[in-house]
Amino acid sequence: MSRRLGARLPERVRQGYWTKVVPVLALLAVVTHIPSFLRPVWSPDEGFLATQARMLADGGVLYDTVVDRKPPLLPWLYEACFALFGSVSLWPLRTLAIVAHLVTAILLASLARGRWGNRAGAAAGAFYLLMSIGLSPEDTQAATFEVFMLPAMVAAFRYAERRRWLAAGIAVALCSLTKQTGGAVLLPVLWMLFQDARQRGVRWLPALSKIGFGFALPIALVAVILTKPKGFLFWVVTGSGDYASLGGSWLQMTGRALGNSAILVGAGLGFLAPLGRRLWLSYRHRPLVASRGEEHGSTTDLWVWLLSSAIAVSTGFHFFGHYYLQLIPPLVLLGVGAVSTSAISWRPVAVYSMVAATLFWALALFWPGQRLTHTTEVATAIAENTTPKDTVLVWGMHPELYWLADRRPASRYLTAGFLTNFSGGKDSQQVGEQYSVSNAWQTFDQELAKGYPEIVVDDSGRAPYQPELIPKIENLLATRYEVVGVNADTVIYRLKH
């Protein structure tokens with residue numbers, strides 16, 4: 001019986017390749033992301049998602065009484081995990097984030113193995129996991145959008161490479177429903193489609209129709225059946241124009257872009273250096289390198305993928321560190337391909353990658369916790385001055401205060417950014433009441449008319465949306481609230497009774 005079963009298994013399974021590689025990748029995924037469990041919350045995005053999930057569980061309606069500029073899949077995942085495991089900890093989401101990294105690594109290993117062989121496959125999976133922590137720990141250890149977007153993004157590319165166009169379209173849709181910029185992978189998918197049609201002389205329109213149908217169907221189902229279509233369209237597509245505008249501090253944005261790029265390159269220099277060497281040789285000796293490239297297959301589709309990811313990272317001109325996670329899969333494949341098709345030894349590449357990952361891992365262990373300590377102290381003060389029935393308004397950009405204090409937000413707008421158009425990297429230009437999301441202040445007034453929050457936390461510090469610069473907030477605090485606590489630059493107000 002066992003022989004007959006073994007005879008039916010694919011050759012690659014009978015050889016035991018994946019039974020050896022997957023456990024090693026799983027162990028590496030766990031080890032590299034163990035630091036994620038050491039803090040209750042790593043970033044405001046996690047706090048936003050956690051608070052949003054609690055609001056949904058309490059009967060909130062996504063894109064109506066619960067709003068964000070992001071697609072719905074990750075808020076729903078947070079809500080589902082809270083329903084199963086409770087909402088006091090993010091450990092289930094951190095566990096699923098490790099699973100997402102592992103799936104991404106396996107898919108990259110499959111892509112590299114098909115192009116350059118077994119060793120390249122194992123290397124691609126391992127190098128991805130090592131490089132996945134090669135940024136600020138707040139960007140790499142948090143269970144946020146990019147982490148859960150990557151498996152679908154790599155799957156879309158893999159399906160397109162295998163000419164499974166319907167599946168590729170569905171994967172692009174799932175990627176886009178996790179974060180809008182994930183849809184950029186559609187560019188290399190279409191590139192592969194038209195290159196395939198050109199080289200094989202087949203009709204491209206039927207395949208394009210499959211991609212379009214696979215992409216449109218999941219999005220239509222989510223928009224029409226599971227959410228309010230108008231709200232979905234506004235919050236996910238049309239309502240982010242001001243947020244993604246060019247307004248802001250160009251010096252700060254440029255510095256962030258160059259800084260995060262340099263950090264990521266440093267993390268992956270072990271295999272990016274051979275890639276740079278290959279590009280230099282290609283420039284100096286084009287005919288020679290071209291012949292070697294033809295022998296091992298073209299990487300043009302990978303460069304198109306990298307270009308599309310770079311465009312996605314640049315969208316909105318914020319250049320936050322976690323955006324750069326989208327660059328890692330194509331960079332890893334290009335680097336692994338450069339090493340595989342040259343005389344460079346794998347050993348120094350692997351040693352450098354492991355040393356760099358160890359440094360970033362240690363950095364995550366000892367990452368400064370002053371902000372978390374401050375946030376925890378403020379959340380404790382909020383809880384001590386309220387009851388579970390009371391509502392709270394946080395005037396700032398740290399919605400994790402709601403989740404840590406376990407108190408309900410008084411408004412659907414969990415950060416001051418919705419009411420002022422402030423976001424990271426912006427200066428005082430185009431920040432103020434007049435730049436808010438459409439009709440946001442009218443909605444905010446209606447929410448407060450149903451009952452003022454017991455506590456207002458002014459966490460704005462010296463930001464360009466501090467109460468003195470926002471007349472409606474300044475008037476609200478002056479007429480109805482009194483100061484009951486100060487922690488560093490955060491002021492806590494309580495409703496006058």
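For the pair Tyr128 and Val154, the minimum side-chain heavy-atom distance is 4.5 Å or more. Between Val339 and Trp116 the shortest side-chain heavy-atom distance does not fall below 4.5 Å. Using a 4.5 Å heavy-atom cutoff, the side chains of Val236 and Gln180 are in contact. Two residues are said to be in side-chain contact when any heavy atoms from C-beta on lie closer than 4.5 Å; Leu208 and Leu190 meet this criterion. Residues Leu331 and Ser309 have side chains not in contact (no heavy-atom distance under 4.5 Å, counting atoms from C-beta outward). You'll find the side chain of Ile211 reaches within 4.5 Å of the side chain of Leu186, heavy atoms only. Taking 4.5 Å as the limit, every side-chain heavy atom of Trp191 sits out of range of all side-chain heavy atoms of Asp196. Tyr402 has its side chain out of reach of Phe48: every pair of non-hydrogen atoms, C-beta onward, lies at least 4.5 Å apart.
With sequence neighbours left out, the side-chain contact (heavy atoms from CB on, under 4.5 Å) criterion links Leu217 to Phe213, Leu221. Listed by chain and number, the residues in a side-chain contact (heavy atoms from CB on, under 4.5 Å) with Ser176 are Val172, Phe215 (sequence neighbours excluded). Considering only residues two or more places apart in sequence or on other chains, Arg119 meets the salt bridge (Lys or Arg N to Asp or Glu O under 4.0 Å) condition with none of them. Legend: residues meeting side-chain hydrogen bond (donor to acceptor under 3.5 Å, both in side chains) with Trp367, ordered by chain and number and at least two apart, are Glu138. Residues passing the salt bridge (Lys or Arg N to Asp or Glu O under 4.0 Å) test with Asp459, sequence neighbours excluded: Arg371. Under the rule for a salt bridge (Lys or Arg N to Asp or Glu O under 4.0 Å), the partners of Glu146 that lie at least two apart in sequence or sit in another chain are Lys179.
Across all non-hydrogen atoms, the minimal contact from Ala142 to Ser43 is CB-OG, 3.9 Å. Between Met397 and Ala416, the shortest heavy-atom contact is SD-N, 4.1 Å. The shortest non-hydrogen separation linking Ala173 to Ile219 is CB-CG1, 4.2 Å. Heavy-atom minimum distance, Ile344 versus Pro274: CD1-CB, 3.4 Å. Minimum interatomic distance between Leu93 and Cys81 (heavy atoms only, all atoms of both residues): CD2-CB, 3.6 Å. In terms of heavy-atom proximity, Met253 sits nearest to Phe319 at O-CD1, 3.8 Å.
Side-chain atoms of Tyr17 come within 3.5 Å of backbone N or O of Asn118 as a donor-acceptor pair. Between the Asp301 side chain and the Met192 main chain, no donor and acceptor come within less than 3.5 Å of each other. In terms of modelled atom types and a separation under 3.5 Å, the side chain of Trp235 and the main chain of Val67 share no donor-acceptor contact. Between the side chain of Ser340 and the backbone N or O of Gly337, no donor-acceptor pair lies under 3.5 Å. Side chain of Asp139 to main chain of Phe320: no donor-acceptor pair is present (N/O by atom type, distance under 3.5 Å, no hydrogens or angles). A donor-acceptor pair is defined here as one N or O able to donate and one able to accept, closer than 3.5 Å; no such pair exists between the side chain of Thr254 and the backbone of Leu251.
Of the residues listed (Leu107, Leu108, Leu102), the one engaging Thr104 in a side chain to side chain contact (heavy atoms under 4.5 Å, CB included) is Leu108, and it is the only one.
Residue pairs meeting the side chain to side chain donor-acceptor pair (under 3.5 Å) criterion with at least one member in residues 344-365, sequence neighbours excluded, do not occur. Pairs passing the salt bridge (Lys or Arg N to Asp or Glu O under 4.0 Å) check and including a residue from residues 29-43, sequence neighbours excluded, do not occur. Pairs passing the side chain to side chain donor-acceptor pair (under 3.5 Å) check and including a residue from residues 78-90, sequence neighbours excluded, read Arg54-Ser87. Within the structure, salt bridge (Lys or Arg N to Asp or Glu O under 4.0 Å) contacts touching residues 91-102 (residues at least two apart or in different chains) are Glu46-Arg94. Pairs of residues two or more places apart, or lying in two chains, that qualify as side chain to side chain donor-acceptor pair (under 3.5 Å) and include a residue from residues 148-161 are Ser110-Arg158, Arg115-Glu161. For residues 204-223, no residue pair satisfies the salt bridge (Lys or Arg N to Asp or Glu O under 4.0 Å) rule, not counting sequence neighbours.
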Stepwise side-chain contact (heavy atoms from CB on, under 4.5 Å) test for Asp68 and Phe418 = CA-CA 9 Å; Asp68 191 13; Phe418 294 108; 4.0 Å; yes

Evaluation steps, side-chain contact (heavy atoms from CB on, under 4.5 Å), between Thr144 and Trp42 | CA-CA 10 Å; Thr144 50; Trp42 276 97; over 6 Å; no

With side-chain contact (heavy atoms from CB on, under 4.5 Å) as the test, would you mind laying out the steps for Leu264 and Ile328 before giving the verdict?
-> CA-CA 9 Å; Leu264 191 65; Ile328 296 179; 3.9 Å; yes

Might you work through the side-chain contact (heavy atoms from CB on, under 4.5 Å) test for Val222 and Trp76, ending with a clear yes or no?
-> CA-CA 11 Å; Val222 167; Trp76 286 339; 3.9 Å; yes

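Between the OG1 atom of Thr181 and the NZ atom of Lys70 there is a distance of 8.5 Å, given to the nearest 0.5 Å. In this structure, OG1 in Thr95 is found 10.5 Å from CG in Leu90, a value given to the nearest 0.5 Å. We find the CG-CD1 distance between Leu325 and Ile133 to be 11.5 Å, quoted to the nearest 0.5 Å. Atom CG of residue Leu275 and atom CG of residue Leu334 lie 5.5 Å apart, to the nearest 0.5 angstrom. Trp204 contributes atom CH2, which lies 8.5 Å from atom OG of Ser209 (distance to the nearest 0.5 angstrom). For the atom pair CZ of Arg162 and CZ of Phe157, the computed distance is 10.0 Å after rounding to the nearest 0.5 Å.
In this pair, Tyr63 and Phe232 present their aromatic rings perpendicular. The plane angle is above 60°, beyond the 30 to 60° band. Relative orientation of the His33 and His101 rings is parallel, given thresholds of 30° and 60° on the angle between their planes. The aromatic rings of His318 and Tyr323 sit perpendicular, their planes meeting at an angle over 60°, well past the 30° parallel limit.
If you check the side chains of Thr375 and His398, you find no donor sitting under 3.5 Å from an acceptor.
In this structure, Arg277 places its CZ atom where only 12 or fewer heavy-atom neighbours from other residues, nucleotides or ligands lie under 6.0 Å away.
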